[in-house]
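Okay, structure first, notes after.
Order of the sequence lines fixes the chain letters, A, B, ..., with proteins taken first and strands second; residue numbering starts at 1 for each chain.
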2 protein chains.
Amino acid sequence: MTHRSPARGRPAAFRRTRADHQTEIAEDYVELIAELMEERGEARGTDIAQRLGVSNATVVKTLKRLQDEQLIRQEPYRAVFLTDAGQKLAADGRRKHAIVEAFLMALGVKPDVARIDAEGIEHHVSADTLDAMERYLRHQSTNKSD
Amino acid sequence: MTHRSPARGRPAAFRRTRADHQTEIAEDYVELIAELMEERGEARGTDIAQRLGVSNATVVKTLKRLQDEQLIRQEPYRAVFLTDAGQKLAADGRRKHAIVEAFLMALGVKPDVARIDAEGIEHHVSADTLDAMERYLRHQSTNKSD
DNA sequence: AACAATGTTTAGCCAAAGCTAAATAGTGCC
DNA sequence: GGCACTATTTAGCTTTGGCTAAACATTGTT
Ligand SMILES: [Mn+2]
Ligand SMILES: [Mn+2]
Ligand SMILES: [Mn+2]
Ligand SMILES: [Mn+2]
């Protein structure tokens, strides 16, 4: 007799969301760093701050935490580098991000809006949901005849 | 010549996500309060704490903030009530939540997982994306012949 | 080589969300 | 009606992510 009250399993959902939010910033940072390194060869704290729309000081502090967590390496007044763990997280993040964004556009959401929504949604998408989105993308591109 | 660099518009996306996170807790609380009032006639702080998977003390503090923001009314040792603004927010939240969850299931995500993912995703979904999801739900239920 | 301009970090502040332990208030039973 | 039990709030601490203003380094120019 499963599914008795509507409350069952609810705490787990909220817990997962809170957990997602704790890794969210790390994900966005390493993703951004990977992008910057591709685009311009190096990632400086200032560039990160600008892209995030956040002050320099905030970035400095967060980078310190990410270094403690072994996701990046940095020395004062120098650019930032990703550790292996950081690169892995960045790669996963970029993949997820790309899928979510492409999916939203395929659904019919305008690109500008899709870009914005994807930035938040990406962190709450399970492997299952990501699979479903990929399935939809494949299926949809198969029969272009709507 | 729009869309020059890949960075354009990025800060806006991050800002939106941060803004979403600031209203997220308020949304979840009022939604939960509305649910509890329907299910059992009243919403007590303790019930909220249990459903959120969070301590009583945390709920007390957050409810205080929500009262300052005129979303709820409460007196010590009594149940919590929604103001008009609170009811409106709750209604919007429930609608969004229901659409996102139904959409994920329609996409082929298992109910348990859909419930969990929806709890985080709901707060990052724009009106446009919500429309697209509804469109998909209607369309999909139209031709059940897969 | 010195200095001014620019870029980066540090210092110090705030608010939100979480926690545990202690104090206090209600409720229910005898 | 008083007392014990239970529920609720308060107190006090932590972490995270923001901010601005001040201090400090680096760099480029003369
Ligand atoms: Mn991303
Ligand atoms: Mn993001
Ligand atoms: Mn939620
Ligand atoms: Mn979120």
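In this structure, A:Arg16 pairs ionically with A:Asp20, as a charged nitrogen and a carboxylate oxygen lie closer than 4.0 Å. Ion pairing between a basic and an acidic side chain is recognised when a charged N comes within 4.0 Å of a carboxylate O; A:Asp92 and A:Lys88 show such pairing. Between A:Arg51 and A:Glu31 there is no salt bridge, since no side-chain nitrogen of the basic residue lies less than 4.0 Å from a carboxylate oxygen of the acidic one. Salt-bridge formation is detected for the pair B:Arg10/A:Glu119: a Lys NZ or Arg NE/NH1/NH2 atom is positioned less than 4.0 Å from an Asp or Glu carboxylate oxygen.
Regarding A:Gln67, its CD atom lies at a distance of 11 Å from the P atom of C:dT9, rounded to whole Å. As a whole-Å value, the separation of B:Leu52 CG from C:dA17 P is 12 Å. In this structure, A:Gln22 atom CD and D:dT14 atom P are separated by 17 Å, rounded to whole Å. Between the CD1 atom of B:Ile48 and the C1' atom of C:dA17 there is a distance of 15 Å, rounded to whole Å. Atom-to-atom, CD of A:Glu24 to C1' of D:dG18 comes out at 15 Å; the value is rounded to the nearest Å. Atoms OH (A:Tyr29) and P (D:dT16) sit 13 Å apart, rounded to a whole Å. Regarding A:Asp20, its CG atom lies at a distance of 14 Å from the P atom of C:dG18, rounded to whole Å. Atom pair B:Asp68:CG and C:dA16:P shows a separation of 9 Å (rounding to whole Å applied).
Between A:Arg44 and the phosphate of C:dT8, there is a side-chain N or O to OP1/OP2 separation shorter than 4.0 Å. The side chain of A:Arg65 places no N or O atom within less than 4.0 Å of a non-bridging phosphate oxygen (OP1 or OP2) of D:dT15. Between A:Lys64 and C:dT9 there is no side-chain polar atom (N or O) within less than 4.0 angstrom of OP1 or OP2.
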Under 3.5 Å, which N/O atoms of the protein pair with N/O atoms of nucleotides 22-28 of chain D?
{"from": "D:dA25", "atom 1": "O4'", "to": "A:Tyr77", "atom 2": "OH", "distance (Å)": "2.8"}

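Here the closest heavy-atom approach between residue B:Leu137 and residue B:Ile99 is recorded as CD1-O, 4.2 Å. Minimum interatomic distance between B:Arg95 and B:Leu130 (heavy atoms only, all atoms of both residues): NH1-CD2, 3.7 Å. Here the shortest heavy-atom pairing between A:Leu63 and A:Gly45 reads CD1-CA, 4.4 Å.
Taken to the nearest 0.5 Å, the OG1 atom of B:Thr23 stands 13.5 Å off from the CZ atom of B:Arg18.
Looking at residues 54-62 of chain A, you'll see A:Val54, A:Ser55, A:Ala57, A:Thr58, A:Lys61 sit with a heavy atom under 4.0 Å from some atom of DNA chain D.
Tested against B:Val59 for a side chain to side chain contact (heavy atoms under 4.5 Å, CB included), the candidates B:Thr46, B:Asp47, B:Val80, B:Val54 yield a single pass: B:Val54.
In terms of position along DNA chain D, the nucleotide closest to B:Glu75 lies nearer the 5' end than the nucleotide closest to the other residue of the pair B:Glu75 and A:Ala26.
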